[in-house]
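Notes for the one structure printed next.
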Number of protein chains: 2
Amino acid sequence: MRADARKNYSHLLAVARDIVTEHGVDASMRDIARRADVGLATLLRHFPTREALFEALMCTNLDALAQKADELETSNSPDEALVSWFREGVAFVHSYRGVVDLIASAHADPDSALFASCATVHAVGARLLLRAQAEGTARADMNGDDLFALMSALGWLEGQPAFAPRADHLFHVIASAILTNPSKRVD
Amino acid sequence: MRADARKNYSHLLAVARDIVTEHGVDASMRDIARRADVGLATLLRHFPTREALFEALMCTNLDALAQKADELETSNSPDEALVSWFREGVAFVHSYRGVVDLIASAHADPDSALFASCATVHAVGARLLLRAQAEGTARADMNGDDLFALMSALGWLEGQPAFAPRADHLFHVIASAILTNPSKRVD
DNA sequence: ACCTGAACACCGTTCAAGT
DNA sequence: ACCTGAACACCGTTCAAGT
C-alpha cells in the first residue's frame with residue numbers, strides 16, 4: 001500500500017469509529033468520508049461494503065474474544081468458562097449499535113466480509129459449549145448455532161434502549177437456562 | 001371520511017400488506033404508493049409515518065392476541081396459559097420481517113403510533129405472568145418488561161434467516177427458563 | 001497506484017396548486 | 001376535503017478523468 005493510502009486507511013478507520021459509535025450501524029458512509037476530508041469514492045475503495053468497514057473496526061475485538069476463550073479454557077471450570085465467554089460474546093456482537101443485524105445476516109452469507117469473523121466466533125463458542133456438555137453442566141440439546149443465536153439475541157436486546165436496562169438480568173435468565181439440563185418438557 | 005378517501009385507505013392497506021410481506025419493514029413507501037396507483041403524498045396523508053402504517057396493518061392481530069389471552073386464562077392452567085400466549089406473542093412481534101425493531105423502539109416512545117399496541121401487549125403479558133407467578137410455576141425474578149423483551153428477542157431471531165431454523169428450539173429453551181424457579185445463581 | 005468530482009437512481013419530507 | 005406533482009436534501013453506486 002502506498003504511503004498516502006495507508007494514511008487514509010487508518011484515518012478513515014479512526015473517523016468511522018467515532019461516527020459509528022455515535023450513530024450506529026446505519027451511519028452515513030458519506031458522513032464518514034466528509035468528516036475524514038476524503039472523497040466518498042476513496043472510502044468505498046478502502047471498504048467496498050459496510051460489512052468490510054465493520055470487519056476492520058472489529059478485528060481487534062475479535063482477536064481479544066478468541067484469546068479470552070483460550071485463557072478461560074485453561075484456568076476455569078468448563079461451565080464457568082462457557083458463561084464468562086458467553087458474556088464477552090454478547091458484548092462482541094454488540095460492539096456497535098445495530099451491528100448485530102449485520103452479523104446475523106453475515107453468519108449465513110459466505111460472501112459477506114464479516115463471514116469469517118462470524119465463523120470464528122461460532123467455532124470458539126461451540127468448542128466451549130462442547131466442553132461443558134461433556135462435563136454434563138450444559139444442557140445437551142444445544143449446539144453452536146443455538147449459542148450463537150442466543151448471544152446475538154442478547155446483543156440485540158442491549159441495542160434496544162427499551163430493553164437495555166433489563167439486558168443484564170436477562171443474561172442471567174438465559175445463562176441459567178444454558179447451564180440447566182432440561183428435566184421437564186414445556187409446550 | 002369521504003368515499004374516495006375510504007377507498008384509497010383500504011386499497012393502500014391491501015397493497016401495503018403485500019409489499020411489506022415481501023420486502024419487510026424497510027419496504028419503500030414510494031413503492032407502495034406506486035403499486036396502489038396513488039401519489040406518494042396521498043399515502044403519507046393516510047399514514048404519516050411508517051409506524052402508523054404498521055399500526056393499521058397489525059391492529060387485527062393485536063385484537064386476536066388480546067382475545068387469545070382471555071381464552072387461555074379461563075380454560076388453562078396459569079403456566080400453560082403463559083407459555084401458549086408467549087408463543088402467540090412471539091408471532092405477533094414478528095408479524096412482518098423486521099417489524100420487531102419498530103416495536104422495540106415504539107415500546108419506549110409514547111409519541112409512536114405503535115406505542116398503544118405495545119402497551120396493550122405488555123399489559124396482557126404481565127397479567128398472565130403474574131398469575132403463573134402467584135401459582136409458583138413461573139420464576140419470581142421476572143416482570144412484564146422481561147417477558148416483552150424475551151418475546152421480542154425471539155421474534156427478532158425468527159426474522160434472521162440464519163437463526164430461524166433453530167427459533168422453535170430456542171423458544172423451548174427460553175420458555176423452560178421462564179417456568180423454572182432459579183435454584184442456583186449463575187455468574 | 002491512488003484519489004476525486006460528478007452523474008445516477010433511489011429515498012422520505014414538504015407544500016403550493018389542483019379538483 | 002382530499003389528492004397530486006414537483007422541489008428538496010439526502011443516500012450508496014459507478015466511472016471517467018486527474019495526479
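Order of the sequence lines fixes the chain letters, A, B, ..., with proteins taken first and strands second; residue numbering starts at 1 for each chain. Scope of the values below: all heavy atoms of this structure, side chains included, with no hydrogens, waters or symmetry mates.
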Rounded to whole Å, please give me the gap between [atom1] in [X] and [atom2] in [N].
X       : N      : atom1 : atom2 : answer
A:Leu43 : C:dC3  : CG    : P     : 11 Å
A:Asp26 : C:dG12 : CG    : P     : 14 Å
B:Leu44 : C:dT13 : CG    : P     : 6 Å
A:Asp37 : C:dC3  : CG    : C1'   : 14 Å
A:Asp4  : C:dC2  : CG    : P     : 8 Å
A:Asp31 : D:dG12 : CG    : P     : 8 Å
B:Leu40 : D:dC3  : CG    : P     : 13 Å
B:His46 : C:dT13 : NE2   : P     : 16 Å

N or O in side chain of A:Asn8 less than 4.0 angstrom from C:dC2 OP1/OP2: no
May I ask you to evaluate whether B:Arg34 reaches the phosphate of C:dC11, defined as a side-chain N or O under 4.0 Å from OP1 or OP2? yes
Winner on side-chain proximity to A:Arg30, out of C:dT13, C:dT4, D:dC11, is D:dC11
Given D:dG5, D:dG12, C:dT4, identify the nucleotide with an atom nearest to the side chain of B:Ala41. D:dG5
Donor-acceptor contact present, side-chain A:Arg30 to main-chain A:Leu40, <3.5 Å: no
Which one is paired to D:dC10, where only Watson-Crick or G-U wobble pairs with both distances under 3.5 angstrom count? none
By the Watson-Crick or G-U definition, both distances under 3.5 Å, C:dG5 is matched with D:dC15
Which part of the nucleic acid does [X] contact within heavy-atom distance under 4.0 Å: base, sugar-phosphate only, or nothing?
X       : answer
A:Ala5  : sugar-phosphate
A:Ser28 : sugar-phosphate
A:Arg45 : base

Any salt bridge linking A:Arg50 with A:Asp26? Criterion: basic side-chain nitrogen under 4.0 Å from a carboxylate oxygen. no
Any Lys/Arg nitrogen of A:Lys7 or A:Asp4 sitting under 4.0 Å from an Asp/Glu carboxylate oxygen of the other? no
Under 3.5 Å, is there a donor-acceptor pair linking the side chains of B:Trp156 and B:Asp101? no
Base C:dG12 paired with B:Arg50 side chain (donor-acceptor, <3.5 Å): no
Ring geometry between B:Phe54 and B:Tyr96 (parallel below 30°, tilted from 30 to 60°, perpendicular above 60°): perpendicular
